[in-house]
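Remember, predicted model here, so these are calculated numbers, not experimental data.
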Amino acid sequence: MTAISLGPWVFPVGIIAIVLGWLAASAVATFLRRRGHADADAPLWWLLLVALLVARAAYVVRWWPDYRTSPWWSVVDIRDHGFSLVAGCIALAVALAIVVWRRPRLRRALPAVIAAGVAVAAFTVFTAGLLRTGSHPPLSQATLRDLDGTPTTLAAFAGQPLVVNLWATWCGPCRREMPMLVKASHATPGARFVFVDQGEPAASVRAYLQREALDPRHVLLDPDGLLSRDYRALGYPTTLFIGTDGRLVDTQVGPLSRATLAEHLLRIPPAPTPTKESATP
């Protein structure tokens, strides 16, 4: 499970974990304050801000070649979910040490408050990971159609890692990430990118691609949203990363950046290199 749907809204698990962790930390701070301890609620905002800023900065530095060739605003566009968990945790620990050193009255309450928040956030992520374990469905056999109406399935693209983008022309985030994905599809020979429109007629899709001067190699239509059902897509865009064995490896709900796309691609096992025995007829 990489996202949670609450009514019409879809939230990444990471955001849910941060919110629940913050609520838990604030509740513990209130509990301790009522029992005579120093108020540890006020520093929470600063500690969280420092941790998130460092986590984002570290991620941007790690993937700087991809951000450097992207629009400048992509560096601060956190909708791509690009954060370094390790850097954020280290920053939180260092900031906590500085605060309790400068404000001795918080030395008991603040570490307990932070520990409670981190524990709840970690439990949320761990639980989502357990729910996700084993949920790697085989390649969908849903019948799709190309822009000319010819029926096909994802199996027609097997043999290489697949990046399957579920999108629609009415979806703003889909439109924003589409030029980057199309460009990446031409520059990534080790993977096949398949753009599967959800629920729209061929004429609308073709007109949009022509209007935006986009030339993806593989565009399919899914008029009944069968892939969204098979892979339990909670919203659009949803991008599926599928290994050569047809199993789902990773999923991103929401727009990708060049950096987060590159990170997801690294998680897909490469296609096996043919041996001399297997190559011999």
Side-chain angles (χ1 to χ4, degrees), residues 2-3 8-10 12 60 63 65-82 140 142-154 156-157 160-229 231 233-242 250-265 268:
T2 59
W9 297 283
V10 178
V60 170
W63 296 99
D66 295 289
Y67 282 108
R68 184 183 60 186
T69 55
S70 302
W72 67 267
W73 45 261
S74 65
V75 171
V76 295
D77 188 0
I78 61 175
R79 291 174 298 179
D80 67 355
H81 312 166
S140 172
T143 299
L144 311 171
R145 295 186 180 277
D146 64 20
L147 292 179
D148 295 323
T150 304
T152 186
T153 66
L154 289 181
F157 303 93
Q160 279 188 306
L162 292 181
V163 179
V164 181
N165 182 246
L166 307 182
W167 70 291
T169 63
W170 49 261
C171 165
C174 301
R175 295 194 301 268
R176 284 193 295 271
E177 74 171 358
M178 181 66 74
M180 182 276 296
L181 287 177
V182 171
K183 186 175 180 180
S185 71
H186 293 289
T188 312
R192 288 193 174 113
F193 287 66
V194 184
F195 299 86
V196 186
D197 180 88
Q198 299 296 290
E200 296 182 292
S204 298
V205 175
R206 186 179 282 110
Y208 168 77
L209 295 175
Q210 291 175 348
R211 183 171 65 251
E212 300 298 324
L214 298 172
D215 59 340
R217 289 194 180 100
H218 308 297
V219 180
L220 301 179
L221 304 175
D222 184 7
D224 299 316
L226 299 178
L227 289 188
S228 293
R229 181 202 65 192
Y231 291 104
L234 298 177
Y236 304 124
T238 289
T239 305
L240 312 170
F241 297 86
I242 299 173
D250 209 351
T251 304
Q252 166 112 350
V253 180
L256 290 155
S257 65
R258 287 176 58 93
T260 51
L261 172 62
E263 182 182 20
H264 282 290
L265 286 172
I268 305 179

Peer 1: List in chain and number order the residues that pass ring-ring contact (aromatic ring centres under 6.0 Å, His included) with Phe241, two or more places apart in sequence or in another chain; answer none if no residue qualifies.
Peer 2: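 ring-ring contact (aromatic ring centres under 6.0 Å, His included) check on Phe241 returns His264.
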Peer 1: Applying side-chain hydrogen bond (donor to acceptor under 3.5 Å, both in side chains), name anything that partners Ser228, two or more places apart in sequence or on another chain.
Peer 2: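 Scan of Ser228 (side-chain hydrogen bond (donor to acceptor under 3.5 Å, both in side chains), adjacent residues dropped) gives Gln198, Tyr236.
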Peer 1: Leu220 vs Leu227, test: side chain to side chain contact (heavy atoms under 4.5 Å, CB included). Steps then yes/no.
Peer 2: CA-CA 11 Å; Leu220 301 179; Leu227 289 188; over 6 Å; no
Peer 1: Kindly state each residue pair satisfying disulfide bond (SG atoms under 2.5 Å apart) with at least one member in residues 185-228, sequence neighbours excluded.
Peer 2: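 Of all non-adjacent pairs touching residues 185-228, none passes disulfide bond (SG atoms under 2.5 Å apart).
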Peer 1: Roughly how far, to the nearest 0.5 Å, is CG of Asp80 from CD of Gln252?
Peer 2: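 Taking CD in Gln252 and CG in Asp80, the distance rounds to 7.5 Å.
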Peer 1: By side-chain hydrogen bond (donor to acceptor under 3.5 Å, both in side chains), which residues pair with Ser140, not counting sequence neighbours?
Peer 2: Asp230
Peer 1: Any side chain to side chain donor-acceptor pair (under 3.5 Å) involving residues 170-185? Give me the pairs, sequence neighbours left out, ordered by first then second residue.
Peer 2: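 Listed once each, the pairs are Asn165-Glu177.
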Peer 1: Closest approach of Asp146 and Leu221, non-hydrogen atoms and distance?
Peer 2: O-CD1, 4.0 Å
Peer 1: Can you list every ring pair (Phe, Tyr, Trp, His ring centres under 6.0 Å) pair that touches residues 185-212, not counting sequence neighbours?
Peer 2: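 The answer is Trp167-Tyr208.
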Peer 1: Could you work out, with salt bridge (Lys or Arg N to Asp or Glu O under 4.0 Å) as the rule, every residue matching Asp222, not counting sequence neighbours?
Peer 2: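 With sequence neighbours excluded, Asp222 shows a salt bridge (Lys or Arg N to Asp or Glu O under 4.0 Å) to no residue whatsoever.
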Peer 1: Please name all residues satisfying ring-ring contact (aromatic ring centres under 6.0 Å, His included) with Tyr67, sequence neighbours left out, ordered by chain then number.
Peer 2: none
Peer 1: Given side chains that start at C-beta, do those of Ile268 and Asp250 come closer than 4.5 Å, heavy atoms only?
Peer 2: no
Peer 1: Taking only residues two or more places apart in sequence or in another chain, which ones pass salt bridge (Lys or Arg N to Asp or Glu O under 4.0 Å) with Asp77?
Peer 2: Arg79
Peer 1: For Arg68, check salt bridge (Lys or Arg N to Asp or Glu O under 4.0 Å) against everything at least two apart and list the hits.
Peer 2: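 Residues passing salt bridge (Lys or Arg N to Asp or Glu O under 4.0 Å) with Arg68: none at all.
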Peer 1: For Arg229, enumerate each residue passing the salt bridge (Lys or Arg N to Asp or Glu O under 4.0 Å) test, keeping only those at least two apart in sequence or located in another chain.
Peer 2: none
Peer 1: Just grab all the salt bridge (Lys or Arg N to Asp or Glu O under 4.0 Å) pairs involving residues 199-215, residues at least two apart or on different chains.
Peer 2: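 Pairs touching residues 199-215 that pass the test: Asp148-Arg206.
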